[in-house]
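Quick caveat: nothing in here was measured; it's all calculated off a predicted structure.
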Amino acid sequence: MKKIFGAALALAAFALPAAAGATTLTFEGLSGTLDPVPANYGGLTWSNMNTVNASLDSSYTGSGYANGRVSGSIVAYNSFGDAAMVLQGTSPFALNDGYFTGAWRDGLKVTVEGFTGGTLAAFTKSFTVGVSTASLQTFNWTGLSSVRFTSTGGSRASGVRGDGTQFVLDNLRVNEAVTAAVPEPATWGMMILGFGAIGAAARRRRARGTLANAA
């Protein structure tokens, strides 16, 4: 019975929130002049992520730098199209969602990997984006020590003045409490039947043991 009760508690834990202190990182207030995202912005450490204000230079017109703005005028991007990292210093964090755009290319493939301290990614998601509009991507990954963004492929969009595998990022939401999926009613029913079967088997074992002792 103790084992069954423990299993029920473990299953109930799926409904508990996993993170708190939600923050939407809009990158507003940063320089927007191709400078790196500063250390500790949003309580995180950033590597190879810069910011740009596309309205300051007409060469960005029609590109993802301009079209990927969700709020305000400043967006982040991975410098030179190289891999970028977001890390947490002393405690795990949650990556909820964000808006992604191809800076210069349509069909740009972006791969996001979430690490929980090991060398192998605990979470991975890949998707394609273009220059015309920002695409909301949802992750809801928790317990992260770092996240790596990599962008590859695609083809230069018509009408843009530059080229490269940079992606544009805006309104990145982190540390929103995440509620994991709760089993559907039918699943709960099967679980209850399963617990009943376990209990019945345990009773049969006890009965056999009693008969053996009596013999």
Side-chain angles (χ1 to χ4, degrees), residues 22-88 93-114 123-141 144 146-176:
T23 303
T24 298
L25 305 176
T26 65
F27 305 103
E28 298 306 306
L30 302 184
S31 72
T33 55
L34 310 185
D35 291 332
V37 176
N40 204 41
Y41 176 69
L44 302 169
T45 300
W46 303 77
S47 174
N48 199 47
M49 289 290 284
N50 292 10
T51 61
V52 62
N53 184 344
S55 64
L56 299 178
D57 189 335
S58 62
S59 64
Y60 295 118
T61 301
S63 73
Y65 294 110
N67 298 333
R69 293 175 292 184
V70 178
S71 62
S73 57
I74 297 176
V75 295
Y77 67 96
N78 55 326
S79 183
F80 295 102
D82 296 331
M85 295 285 291
V86 178
L87 306 100
Q88 175 70 21
F93 68 102
L95 175 67
N96 300 105
D97 52 47
Y99 288 85
F100 294 78
T101 315
W104 304 111
R105 295 186 179 187
D106 288 327
L108 181 73
K109 180 181 178 181
V110 179
T111 298
V112 184
E113 301 167 284
F123 306 95
T124 302
K125 179 175 181 176
S126 295
F127 48 90
T128 58
V129 293
V131 306
S132 62
T133 186
S135 172
L136 175 63
Q137 299 294 328
T138 301
F139 307 96
N140 284 333
W141 300 342
L144 300 174
S146 62
V147 175
R148 178 168 62 200
F149 301 92
T150 307
S151 50
T152 58
S155 56
R156 183 177 177 180
S158 175
V160 299
R161 299 187 183 184
D163 191 19
T165 56
Q166 294 90 334
F167 70 87
V168 173
L169 175 64
D170 202 10
N171 283 33
L172 183 70
R173 193 163 58 100
V174 298
N175 290 333
E176 174 75 27

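Between Glu28 and Ser73, the shortest heavy-atom distance links the atoms OE2-N, 3.1 Å. Here the closest non-hydrogen pair linking Thr150 and Ala83 is OG1-CB, 4.0 Å. Nearest approach of Ala76 to Met49, heavy atoms of both residues: CB-CE, 3.9 Å. Residues Asp106 and Ala157 come closest through the heavy atom pair OD2-CB, 3.5 Å. Annotation for Gly114 and Trp141: closest pair N-CZ3, 3.5 Å, computed over non-hydrogen atoms. In plain terms, the two heavy atoms of Val70 and Ala134 that are nearest each other are CG2-CB, 4.0 Å.
The backbone N or O of Thr138 sits less than 3.5 Å from a side-chain atom of Lys125, completing a donor-acceptor pair. Using modelled atom types, no side-chain atom of Asp97 and backbone atom of Gln137 make a donor-acceptor pair closer than 3.5 Å. Asn48 places a side-chain N or O within 3.5 Å of a backbone atom of Asp82 that can act as its donor or acceptor partner. Judged by distance alone, the side chain of Thr51 and the main-chain N or O of Gly32 form a donor-acceptor pair under 3.5 Å.
Residue Leu108 forms a side-chain contact (heavy atoms from CB on, under 4.5 Å) with just one option from Thr128, Thr152, Val131, Thr165, and that option is Thr165. Screening Phe27, Tyr65, Trp46, Trp104 for a ring-ring contact (aromatic ring centres under 6.0 Å, His included) involving Tyr77 leaves a single residue, Tyr65.
Annotation: side chain of Leu44 is in contact with side chain of Phe93 (closest heavy-atom distance under 4.5 Å). Within the 4.5 Å cutoff, side-chain heavy atoms of Ser126 are placed close to those of Lys109. At least one side-chain heavy atom of Arg69 sits under 4.5 Å from a side-chain heavy atom of Ser55. Within the 4.5 Å cutoff, the side chain of Asn50 has no heavy atoms near those of the Val52 side chain. Between Pro38 and Leu30, the closest side-chain pair of non-hydrogen atoms falls below 4.5 Å. Annotation: side chain of Val147 is in contact with side chain of Val112 (closest heavy-atom distance under 4.5 Å).
For the atom pair Ser63 OG and Gln166 CD, the distance stands at 10.0 Å (nearest 0.5 Å). Here the CZ-CG distance, from Arg148 to Leu87, works out to 10.5 Å after rounding to the nearest 0.5 Å. Atom CG of Leu95 and atom OG of Ser146 lie 11.0 Å apart (nearest 0.5 Å). In this structure, CZ in Phe127 is found 7.0 Å from OG in Ser135, a value given to the nearest 0.5 Å. Note that CG of Asn53 is 9.0 Å distant from OG1 of Thr33, once rounded to the nearest 0.5 Å.
Between the side chains of Ser151 and Asn78, at least one donor N or O lies within less than 3.5 Å of an accepting N or O. If you check the side chains of Asn171 and Ser71, you find a donor sitting under 3.5 Å from an acceptor.
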Before you tell me yes or no, could you show the steps for Phe100 and Leu169 under side-chain contact (heavy atoms from CB on, under 4.5 Å), namely the whole-Å CA-CA distance, both residues' side-chain angles and the distance that decides it to 0.1 Å? CA-CA 5 Å; Phe100 294 78; Leu169 175 64; 3.7 Å; yes

Assess whether side-chain hydrogen bond (donor to acceptor under 3.5 Å, both in side chains) is satisfied between Asn96 and Asn140, documenting all intermediate values. CA-CA 4 Å; Asn96 300 105; Asn140 284 333; 3.2 Å; yes

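The ring of Phe139 has its center no closer than 6.0 angstrom to the ring center of Phe123.
Screening residues 157-172 for salt bridge (Lys or Arg N to Asp or Glu O under 4.0 Å) gives Arg105-Asp163 as the qualifying pairs, with residues at least two apart or on separate chains.
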